[in-house]
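Working notes, beginning with the structure itself.
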Amino acid sequence: MTGRRNEDMRKILRKAAIPAILAVSIGLPAVFLRINGIRLSEPAMEQAETARNLGWGRGYVTAVTRPAVFAPARDFSRQPAYHQPPLTTLLLTLFFRVVGPFDRAAAGASFAFFWLAGLALAAGVKKYFGILPALFCGLFYFSNAQLLQATVAGSGVFAESLLLIAAVFLALRPGGRPIADLALGAVLGLGTLAAPTWWWLAGGLAFFRVVVKADAGGRASGWRGKAWPTAAWIAGGILIVNIPWWIFLAASGRGGAPGYLYPDYKMFTSLFPDSSWWRVLNPAGAPTLRQLALKWRDGSLAAYHNLLAVSGTFLAPFFWLALVIRFGTKSRARLRLLVAAVCLLLVLEYVIGARRPENLLLIIPWAVALGSAVFERYRRELASFRPTLALFATGALILLNLYPFVGALRFTRIETSPPLSRQLAILGRELPADAVIVSDQPGKVAWYGLRPAVWLPDRLEQLPGMAANHERPFYLFLTPGSREYPHHRRAGRTAWADVYHGSGESPYWETLGVEWIPGDRLLAEIAFPTP
């Protein structure tokens, strides 16, 4: 009788699985978006501004200039945007061509890839572990507060997440024709056009695929005989995707090198605290081995604390358990091994590179997937002799994982000043047509104000060097965020908080013609002293 009841339950689950996942995948993000609204981040606006220029036919350019790549001879409104990986920018451009360039379109593109990645992940979990783990995976993924906050901020990480899910499952395919290896290479190539991190992931996933396929061929045909063709097809796929971008870079004077591969290893050291390498005019010097060791130590500690609850405090233990226990089948064991390798590569790049928060966001879907699978395994064992306790454990885990989602909802909004977007639109109309704005939020200035903007430099003393050989008027536009930078005071460094509050002993402070505009923002025309 019990067996018949279980079979009936499985049939119901099979019929309800797809509608349930679709309802959760649309309903929960819709509630989050409706209550919290769109809040594009500064990097998202900078990328959206480049995508808008590309859609308008201006080329792969941006009106946002970073001091590290500052070129005085260039037009401030058309600085080459080679520091931005092209894939997400191109995808956003296509999205803008369909619906138009505005905030909701940028967040909508992020949500579209978030949604597709979640469905692809649930489908993969269903294939490897069954229906109920897929349902848990869908619920925990689409209610994850960290991912949803990145979605409404317009993050481009979800296109990477979709590619990573596709690459993992392609790498796990048994045998097959060379076209499958070529497809894997193409996906990895697209990933390398999405973020520098993918050069690490491409190497790891390609190596895994080569080893798995060579081992599947048996000893009779020889490991090397199976490895080299697979490696060649994967490399061919990567090259096919990357060569057009490299040709474009070479034709534009970049020498064919990926323009976004800047020295990330220098950042987050005492030489260039945080990501201040971008904010230094003509950055020079290299960190010492001791400085690098301290950076790696701090980065590993930051990763350690973030990874403890990467998929939620109560689901995370099941994920870590999934990386060390046996799942019973060879395909599941390979999935576990590959996910562990991917997570390790993401953490290593986070520690050694520029500490992209997106690296840890890319781990969350896999933590949710494997954590859901392990939880269902133990829930099923518990249900075999304590059904009531298993039901209680399931309800408790669901409620505890939904709590951060509910806690992240902003039911009350208090606006004490006009929205910054409205201010910048007015600012863009009132300033001279040839004005250049130096700001701590240049992405917002370019996106909303339609004005050339320059990143706030590391030190106030660098402003004259940035304006050298220019007759265009420069304006300083500061928001409260400028008080948070720089985080580290050093000898010779002027804290921008002092400038914002109108204090400080900088020799250039008295040369600023100060004017206050609504919203407690400082707008000052910069009158540089003569040498």
Side-chain angles (χ1 to χ4, degrees), residues 3 6 9-10 13 17 120-141 164-176 184 201 204-219 223 226 303-304 307-348 362-387 389-391 393-394 396-398 401:
N6 289 338
M9 184 62 69
R10 291 191 190 97
L13 282 175
L121 185 69
V125 171
K126 179 181 179 297
K127 175 183 176 182
Y128 279 87
F129 302 105
I131 295 175
L132 203 53
L135 288 173
F136 285 135
C137 176
L139 175 62
F140 297 144
Y141 175 89
L164 184 56
I165 292 168
V168 166
F169 289 127
L170 280 173
L172 290 167
R173 284 175 59 90
L184 173 60
L201 294 176
L205 286 163
F207 178 77
F208 180 90
R209 176 62 177 169
V210 167
V211 171
V212 167
K213 194 166 184 181
D215 287 347
R219 294 185 178 181
W223 191 88
K226 289 289 181 180
Y304 174 82
L307 288 171
L308 285 178
V310 72
S311 60
T313 303
F314 299 94
L315 187 62
F318 294 102
F319 166 58
W320 297 114
L321 193 60
L323 298 180
V324 296
I325 68 171
R326 291 182 178 272
F327 279 108
T329 65
K330 194 173 183 179
S331 61
R332 290 178 179 178
R334 284 178 171 172
L335 173 61
R336 180 192 67 182
L337 177 62
L338 184 53
V339 169
V342 165
C343 293
L344 179 61
L345 289 172
L346 288 170
V347 170
L348 283 176
L362 286 172
I363 295 176
I364 292 179
W366 298 107
V368 168
L370 294 189
S372 298
V374 170
F375 171 75
E376 166 54 17
R377 171 181 173 173
Y378 289 109
R379 186 210 63 82
R380 189 170 59 250
E381 293 180 1
L382 184 61
S384 64
F385 63 92
R386 289 287 189 275
L389 189 57
L391 184 63
T394 303
L397 184 67
I398 291 174
N401 275 276

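In this structure, Arg334 contributes its side chain and Ala171 its backbone to no donor-acceptor pair below 3.5 Å.
For Ala369 against Cys137, the heavy-atom pair with the smallest separation is CA-SG, 4.0 Å. Listed here is the closest heavy atom pair of Val310 and Ala367: CG1-CB, 3.7 Å. In this structure, Arg336 and Ala322 approach most closely via the heavy-atom pair CD-O, 2.9 Å. The heavy-atom pair separating Ile165 from Ala120 by the smallest distance is CG2-CB, 4.0 Å. A pairwise comparison of heavy atoms in Ala303 and Val347 identifies CB-CG1, 4.1 Å as the closest pair. Counting all heavy atoms, side chain and backbone alike, Gly312 lies closest to Asn401 at CA-OD1, 4.2 Å.
Ring-plane geometry between Phe375 and Phe136 is classed as perpendicular, the angle between the planes exceeding 60 degrees on a 0 to 90 degree scale with a lower cut at 30.
Taking the six-membered ring for Trp, Tyr128 and Phe169 have ring centres closer than 6.0 Å.
Taking the side chain as every heavy atom from C-beta outward, Leu135 and Leu139 never approach each other to under 4.5 Å. Taking 4.5 Å as the limit, some side-chain heavy atom of Phe140 sits within range of a side-chain heavy atom of Ile398. Between Leu345 and Leu205, the closest side-chain pair of non-hydrogen atoms is not below 4.5 Å. The shortest distance between side-chain heavy atoms of Leu132 and Arg379 falls below 4.5 Å. Looking at Tyr141 and Val125, their side chains never come closer than 4.5 Å, going by heavy atoms from C-beta outward.
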Exercise for the section: Would you sort out whether Trp366 and Leu346 count as a side-chain contact (heavy atoms from CB on, under 4.5 Å), showing the intermediate values? Expected result: CA-CA 12 Å; Trp366 298 107; Leu346 288 170; over 6 Å; no
Exercise for the section: Take Val374 and Leu370 through the side-chain contact (heavy atoms from CB on, under 4.5 Å) test and state the conclusion after the steps. Expected result: CA-CA 6 Å; Val374 170; Leu370 294 189; 5.6 Å; no
Handout entry: Candidate pair Leu315 and Leu397, rule side-chain contact (heavy atoms from CB on, under 4.5 Å), full reasoning
Key = CA-CA 7 Å; Leu315 187 62; Leu397 184 67; 4.2 Å; yes
Practice task
Step by step, work out the side-chain contact (heavy atoms from CB on, under 4.5 Å) result for Leu362 and Val342.
Solution key: CA-CA 10 Å; Leu362 286 172; Val342 165; over 6 Å; no
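Residue Leu323 holds its CG atom at 10.5 Å from CG of Leu344, rounded to the nearest 0.5 Å. Note that CG of Leu348 and SG of Cys343 are 11.5 Å apart. Values are rounded to the nearest 0.5 Å.
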